[in-house]
Amino acid sequence: DNVPLYLQTESNKRISNPRMSADDVMKLIKDLLKRKPTEKDVEKYFLGLLQKRYTADNTVTEHAYSFIDVCERLAPESTLCWLALRSLDGSIPDDLYSNMLKEVQNVAVAISSKMKEEGKWPVPV
C-alpha cells in the first residue's frame, strides 16, 4: 500500500472535494513546515494536523485530497507549496524549511549586530 495515511479511506467511500481556499492551504503548509525534528513521521504529523482542523473522519481525507490538488496547481509559482509536497512525498529533508528559516534569522541577527556596532542601528526614518 503506497497510499499515504492522510489519503486513506474506506474502500467504497466516495470522496467529495471541499475546495480548500489558498489561504487555508497556506495556513496548513506553515503548520506542516513547523514540524519539529522529534516528530519523525511526516505522514502521521500531517494527518494529525488535518484531524485537529477537520474533526469529522470523512472530511479529513477529503481535505487532504483537496490540499494536494491545490498545492499541485500552485507549486510552479509557490515555493511553499512545492516544499510542502516534497516534504510529504519524502523527496527532500523534512527540516529543510526550518533550517532555511534559521539561516535567514542568523543572517538578520548578524546584519543588525554589525549595524549596531557601526552605529547605524536603528535605521533613521
Answer yes or no: is there a side-chain heavy-atom contact under 4.5 Å between Glu72 and Cys81? no
Tested for side chain to side chain contact (heavy atoms under 4.5 Å, CB included) against Arg53, the lone hit among Asp24, Val60, Thr59, Asp31 is Asp31
Distance from Lys27 atom NZ to Met20 atom CE, nearest 0.5 Å? 10.0 Å
Check the pair Leu28, Leu50 against side chain to side chain contact (heavy atoms under 4.5 Å, CB included), reporting the backbone distance first and the verdict last. CA-CA 8 Å; Leu28 200 52; Leu50 290 167; 3.6 Å; yes
What's the separation between atom OG in Ser87 and atom CD in Glu43, rounded to the nearest 0.5 Å? 10.5 Å
Reported OG-to-CH2 distance for the pair Ser91 and Trp82, which is rounded to 0.5 angstrom: 6.5 Å
For the residue pair Phe46 and Phe67, does the interplanar ring angle fall in the parallel (under 30°), tilted (30 to 60°) or perpendicular (over 60°) class? tilted
Just so I know, are the side chains of Leu83 and Leu32 near enough to count as touching, which here means a heavy-atom distance under 4.5 Å? no
Is the backbone N or O of Leu74 less than 3.5 Å from a side-chain atom of Ser78, with the two atoms forming a donor-acceptor pair by type? no
Between Asp69 and Arg73, does at least one N-O distance fall below 4.0 Å, as a salt bridge requires? yes
From SG (Cys71) to CG (Leu80), nearest 0.5 Å: 9.0 Å
Is there a donor-acceptor contact under 3.5 Å linking the side chains of Asp23 and Ser21? no
